[in-house]
Amino acid sequence: SLLCVNRKGVAGMPKLILEIEPDLHRMLQQAARTNQMSLEDECMRRLEGGIRRSRYMEALLAELRADDAQRRAQRG
């Protein structure tokens, strides 16, 4: 499935086209219905971080931040 996300009413905002599996598309549609949103708004909410990040993503972000802090400390 192709899914096009483009925030309405924002001039010049780039369009994002995603190719997603049918199961993911169905899950997004269900979430949109549950949250009483359009499919586009549900996708934007997720892209903007409106959902809780996975433990994997949290660990990855923590590792990246630690690496960045270490680099800054080494530079002085």
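Computed over heavy atoms, backbone and side chain alike; hydrogens, waters and symmetry mates excluded.
- In this structure, CD in E19 is found 12.0 Å from NE2 in H25, a value given to the nearest 0.5 Å.
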Please determine whether side-chain hydrogen bond (donor to acceptor under 3.5 Å, both in side chains) holds for the pair R71 and Q74, giving the CA-CA distance in whole Å, both sets of side-chain angles, and the decisive distance to 0.1 Å. CA-CA 5 Å; R71 274 193 300 276; Q74 287 174 348; over 6 Å; no

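- Qualifying side-chain contact (heavy atoms from CB on, under 4.5 Å) partners for M37, counting only residues two or more places apart in sequence or in other chains: N35, D41, E42, R45.
- In plain terms, the two heavy atoms of A32 and S38 that are nearest each other are CB-O, 3.8 Å.
- Taking CG of L28 as the start and CD of E40 as the end, the distance is 13.0 Å to the nearest 0.5 Å.
- One distance of note links SG of C43 with CD of Q29; it measures 9.5 Å at 0.5 Å rounding.
- Legend: residues meeting side chain to side chain donor-acceptor pair (under 3.5 Å) with D68, ordered by chain and number and at least two apart, are R72.
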